[in-house]
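Quick caveat, the model's predicted, so the values are computed rather than measured. All chains are named by letter (A, B, ...) in the order of the sequence lines, taking the proteins before the strands, and each is independently numbered beginning at 1.
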There are 2 protein chains.
Amino acid sequence: MKMTPAVEKYVLHWGEMGTRWGTNRTVAQIQALLYLSPKPLRADEIVDLLSVARSNVSTSIRELQSHGLVRMTHMLGDRRDYFESLHDVWELFRVIIEQRKQKELNPTLAMLKGCAAEVESDTETDAVTKDRIRNMLQFVESTSNWYEQVSQIPTSTLTKIMALGAKITKLVK
Amino acid sequence: MKMTPAVEKYVLHWGEMGTRWGTNRTVAQIQALLYLSPKPLRADEIVDLLSVARSNVSTSIRELQSHGLVRMTHMLGDRRDYFESLHDVWELFRVIIEQRKQKELNPTLAMLKGCAAEVESDTETDAVTKDRIRNMLQFVESTSNWYEQVSQIPTSTLTKIMALGAKITKLVK
DNA sequence: CCCTTGTTTCTGTCGAGACTGAAATTACGC
DNA sequence: GCGTAATTTCAGTCTCGACAGAAACAAGGG
């Protein structure tokens, strides 16, 4: 793996995006590096390529593994650990979005259900406010259900649907 | 507007979500409050309800206005500013997602196009790496195009499409 | 059983950005 | 124009999380 200008630009940008998507910079940079690398990399190679502390790489890889974005592999006669990323872009995003659903959508859904239940027998809360809560619950609920189903659709079918774009409306009618 | 337990729970949760979605806690809390409020609120009412500094409210409201999530209104014989949020949940999320597209998807697209162009005439970068870059570009590009089109579809049609869920695949065949 | 090599845990430092409160500014009634 | 109330700007404080580096810990090899 070579840090060519294009690779560097990619990795740096991905790192920035990572910070906006709920992980830290290093985790995202490592994922980017492994995604781009033609061969699995060792932790100490990553240390050199990204100039970060060894311990940082160790922790970050652990996190990536726990999310299923990165796998460990080995070479014959070499006991060191090598790591590689998922390479299927669709699969990558499926995993990432699933994480976010778990961490954000589900808790929000729980909170909304709690609120909705609570205001049923609640004379304090304004009727309009109650409706607003119910509307939001309904929205998040249907988004969640929709995602649940769509995430099951195979990639090949999904790409076809996406290629349709707004033409999808014609089919629905 | 009354800070009932349900409202408080909602506002606090929304604030937390805000931090994960690229704005700060106060901005999100204010938006939540205004969304739930049956009537437009003044800045100093928000100060009392949320217990944050006046200046903080001022800045946050400005940000919400600039994104088009909050509007200023007035009362007859009262020169103070009142604020209210968009109340249509779909519209709300359309605006929020549009923000994120501008701030994240578009720059990423630009970066990927830059990288893809750069590696065309680049003997340093591994062929596999080049392919990975192109794959990612293709993915982000089609996602972007898809969103561009889908965001134009009226809410009523969208809800119908979402209600279909995975049944959508049958139509495509 | 010790030594080497690789990996993880832990503690302290640092920086970014949210938030406060005071000072400055604006708008308006009188 | 002057005084008052509302709003904004700004500089300083504080908190949280990322990260480095050292120390502890495993796992083989000889």
Report task. Identify whether any heavy atom of D81(B) sits under 4.0 Å from a base atom; if not, whether one sits that close to sugar-phosphate; answer base, sugar-phosphate or nothing. Result -> sugar-phosphate
Query raised in the report: What is the nucleic acid contact for S51(A), judged by heavy atoms within less than 4.0 Å: base, sugar-phosphate only, or nothing?
Result: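 Counting heavy atoms under 4.0 Å across all strands, the contact made by S51(A) is with sugar-phosphate only.
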Between [N] ([atom2]) and [X] ([atom1]): distance, integer Å:
X: E63(B); N: dT8(D); atom1: CD; atom2: P; value: 14 Å
X: R62(B); N: dT26(C); atom1: CZ; atom2: P; value: 13 Å
X: D44(A); N: dG21(D); atom1: CG; atom2: P; value: 16 Å
X: I61(B); N: dT7(D); atom1: CD1; atom2: P; value: 9 Å
X: Q65(A); N: dT8(C); atom1: CD; atom2: C1'; value: 13 Å
X: R42(B); N: dT7(D); atom1: CZ; atom2: P; value: 9 Å
X: L50(B); N: dA18(C); atom1: CG; atom2: P; value: 17 Å
X: M72(A); N: dT7(C); atom1: CE; atom2: C1'; value: 11 Å

OP1 or OP2 of [N] sitting under 4.0 Å from any side-chain N/O of [X]?
X: T26(A); N: dC19(D); result: yes
X: N24(B); N: dC19(C); result: yes
X: R54(A); N: dG6(C); result: no
X: S55(B); N: dG21(C); result: no
X: R80(A); N: dT5(C); result: no

Requested in this report: When you get a sec, tell me which of dC19(D), dG21(D), dC19(C) is the closest nucleotide to the side chain of R25(B)?
Outcome: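 When the side chain of R25(B) is considered, dC19(C) is the closest of dC19(D), dG21(D), dC19(C).
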Query - Selection from dC19(D), dT9(D), dG21(C) that lies nearest to any side-chain heavy atom of A53(B) - result: dG21(C)
Requested in this report: Over 60° means perpendicular and under 30° means parallel, so classify the ring planes of F93(A) and F139(B), tilted if in between.
Outcome: parallel
Report task. Before accepting this row, confirm whether a basic side-chain N of the pair E120(A)/R134(A) lies closer than 4.0 Å to the acidic partner's carboxylate O. Result -> yes
Query raised in the report: Salt-bridged, E98(B) to K101(B), with N to O below 4.0 Å?
Result: no
Report task. For the pair R132(A) (side chain) and S37(B) (backbone), establish whether a donor and an acceptor sit closer than 3.5 Å, ignoring hydrogens and angles. Result -> yes
Query raised in the report: Does a side-chain heavy-atom distance below 4.5 Å link V70(B) with Q65(B)?
Result: yes
